[in-house]
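Report on the structure given below.
Note on naming: letters A, B, ... go to the chains in the order of the sequence lines (proteins, then strands), and numbering restarts at 1 for each one.
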Amino acid sequence: MPELPEVETVRKGLIPALEGRLLARVETRREGLRWPFPQNMADDMTGARVLRLRRRSKYILIDLDNGMTALIHLGMSGRILIDKAGERDDTATYYDAFTPLEKHDHVVLWTDQDTRIVFNDARRFGAMDLFETATAGDHPLLKPIGPEPLGNTFDEPYLASALAMRNTPIKSALLDQKIVAGLGNIYVCEVLWRAHISPKRKAKNLSAKRAGSLVPIIRDVLSEAIEAGGSSLKDYRQTDGELGYFQHNFAVYDRENQPCRTADCTGNIARIVQSGRSSFYCAKCQR
DNA sequence: CTGCACGCCTGCCCGC
DNA sequence: TGCGGGCAGGCGTGCA
């Protein structure tokens, strides 16, 4: 699902609901998702105050004032929704004043501001962890990840040299989180179309100039998608339940057999499978 | 070390 | 209407 723009949109949506708030109650409704949750995760989060929300690649990091950080990954189908408590009588606690939880609602946070945050993930490829904030840099999921594409260390010389080593299709190389963080299948397809580079081209066979040209394109595609609130295909939603709308701007993703949108190009979009994943591209203008 | 197939899950869509 | 097959935004594991 969610690639960097979707995760960033979720993070931004969570900020007003979580930053500075006390976690009044935390409930895990199953033992884990992709991996088991840490022992006592819910108890260890309860009563802590949220200092700030960060994002690293496709991971949301929730720094708490008890020295711990919670990590959330949305996998393919994860979504996080925010609800406000409804009407209630004087004797009821506010926990009772929400709509009933639904299938696949796996983790629920309640803050001290009549707010409920629900992590729902039908396919359970998502993950959640809790660890000491000081050890975040050594976390096995975070440590191997390459530079943030919207950050200062991601530049033309870096990407050109990183790709020059790789004897794999550029499509696969850009999906490799060690080369650049946060890209997934949709945005790699879109980036390669804008760059007029075939997804089949070997990464090491790109000139330094063409490899470097990917840097501003990656930045542009991701920035535009964040601006649009991400892309909603099926599962993904913003934290208020709204769809993202960058899917309306796709040039190639899920457009098999439709006309290429490159100016003056008469090609049609093709779908091929690389490393078990669909690549959409125009064989006429992507070389 | 690199590159790649596989498996993890549920749900939806399509063809028969 | 039902059923089987294929497909889906990710990524760690294990193999050659």
Side-chain angles (χ1 to χ4, degrees), chain A residues 1-11 29-37 55-60 71-80 102-106 119-129 139-146 149 161-192 199-205 221-222 225-226 228-238 243-257 271-280:
Chain A
M1 121 177 201
E3 306 180 30
L4 187 153
E6 290 74 36
V7 177
E8 179 63 11
T9 300
V10 169
R11 185 188 74 89
R29 307 181 77 236
R30 54 181 302 121
E31 296 294 302
L33 293 171
R34 180 168 183 179
W35 299 288
F37 298 135
R55 180 189 56 74
R56 175 73 172 108
S57 190
K58 302 173 192 174
Y59 296 92
I60 291 172
L71 169 152
I72 293 178
H73 193 281
L74 298 175
M76 291 279 263
S77 56
R79 51 168 83 159
I80 300 177
E102 296 178 4
K103 195 174 182 183
H104 309 308
D105 286 345
H106 304 309
F119 180 14
N120 177 291
D121 183 10
R123 292 176 71 183
R124 305 206 302 270
F125 290 171
M128 192 163 171
D129 196 10
H139 193 286
L141 293 173
L142 303 177
K143 192 166 189 178
I145 295 174
S161 66
L163 293 178
M165 318 299 300
R166 302 301 296 267
N167 184 34
T168 192
I170 182 65
K171 167 77 185 311
S172 306
L174 292 179
L175 283 175
D176 185 343
Q177 303 296 297
K178 292 191 287 297
I179 290 182
V180 54
L183 291 178
N185 205 34
I186 290 177
Y187 296 110
V188 168
C189 290
E190 296 298 313
V191 162
L192 291 175
K200 294 193 283 193
R201 179 165 294 279
K202 290 279 184 104
K204 68 178 183 185
N205 290 342
V221 168
L222 295 178
I226 291 169
S231 302
S232 289
L233 303 186
K234 282 159 44 70
D235 302 299
Y236 168 72
R237 292 291 185 280
Q238 303 188 46
L243 301 172
Y245 53 93
F246 191 74
Q247 65 276 14
H248 303 303
N249 296 331
F250 290 169
V252 287
Y253 188 83
D254 208 19
R255 292 193 65 243
E256 185 178 13
N257 296 327
R271 175 183 170 273
I272 61 173
V273 176
Q274 296 179 283
S275 312
R277 318 207 50 195
S278 289
S279 296
F280 298 89

Side-chain N or O of His104(A) less than 4.0 angstrom from OP1 or OP2 on dT10(B)?
-> no
With no hydrogens and no angle check, is any side-chain donor or acceptor of Lys171(A) less than 3.5 Å from a backbone partner on Ser278(A)?
-> yes
Return the value, rounded to whole Å, for the distance between atom CD of Gln177(A) and atom C1' of dG12(C).
-> 12 Å
Taking Watson-Crick and G-U wobble contacts under 3.5 angstrom, with | marking pairs to another strand and [ ] crossing pairs, the secondary structure of DNA chain B is written .|||||||.|||||||
Hey, does Tyr187(A) reach any base, or is it just sugar-phosphate, or nothing, if we go heavy atoms under 4.0 Å?
-> nothing
How far, in whole Å, is dC11(C) from dC12(B) if one measures between their P atoms?
-> 23 Å
Could you measure between the two P atoms, the one in dG12(C) and the one in dG11(B), and give it in whole Å?
-> 24 Å
Could you tell me the separation between the CZ atom of Arg237(A) and the CZ atom of Arg79(A), rounded to the nearest 0.5 Å?
-> 5.0 Å
To the nearest Å, how far apart are His73(A) NE2 and dC11(C) C1'?
-> 7 Å
Salt-bridge contact Arg166(A)-Asp176(A) (side-chain N to carboxylate O under 4.0 Å) | yes
Taking the six-membered ring for Trp and the full ring for Phe, Tyr or His, determine whether the centres of Tyr59(A) and His73(A) are under 6.0 Å apart.
-> yes
Answer yes if the side chains of Gln247(A) and Tyr236(A) hold a donor-acceptor pair under 3.5 Å, and no otherwise.
-> no
At what distance, to the nearest 0.5 angstrom, does CZ of Arg11(A) lie from CD1 of Ile226(A)?
-> 9.0 Å
For Ser278(A), report the nucleic acid contact type (base, sugar-phosphate, nothing); a contact means any heavy atom under 4.0 Å.
-> sugar-phosphate
Rounded to the nearest Å, what distance is computed from the CG atom of residue Leu142(A) to the C1' atom of nucleotide dG12(C)?
-> 14 Å
Side-chain donor-acceptor pair under 3.5 Å between Thr9(A) and Gln238(A), yes or no?
-> no
Check whether any side-chain N or O of Asn120(A) sits under 3.5 Å from a backbone N or O of Lys103(A) as a donor-acceptor pair, and report yes or no.
-> yes
Gap between atoms OH and C1', on Tyr236(A) and dG10(C) respectively (whole Å) = 16 Å
Checking all strands, does Lys204(A) fall into the base, sugar-phosphate, or nothing category for heavy-atom contacts under 4.0 angstrom?
-> nothing
Here the distance between atom C1' of dA8(C) and atom CD of Glu256(A), to the nearest Å, is 14 Å
May I ask you to say what Phe246(A) touches in the nucleic acid, namely base, sugar-phosphate or nothing, with a heavy-atom cut-off under 4.0 Å?
-> nothing
Rounded to whole Å, CG of Leu74(A) lies from P of dG10(C) at a distance of 11 Å
In B/S/- notation (B base, S sugar-phosphate only, - none; protein heavy atoms under 4.0 Å), nucleotides 1-9 of chain B written 5' to 3' is --SSS-BBB
Consider only side-chain N and O atoms of Ser231(A) and Tyr245(A), and report whether a donor and an acceptor are under 3.5 Å apart.
-> no
For Leu141(A), which contact category applies under a 4.0 Å heavy-atom criterion: base, sugar-phosphate, or nothing?
-> sugar-phosphate
Protein-nucleotide distance (Asn120(A), atom CG; dT10(B), atom P), rounded to Å | 13 Å
Counting just side-chain N and O atoms, does Lys234(A) come under 4.0 Å of either OP1 or OP2 of dC13(B)?
-> no
Just by distance, do the side chain of Gln274(A) and the backbone of Pro199(A) share a donor-acceptor pair under 3.5 Å?
-> yes
Taking CG from Asn185(A) and P from dA8(C), how many angstroms apart are they, rounded to a whole number?
-> 8 Å
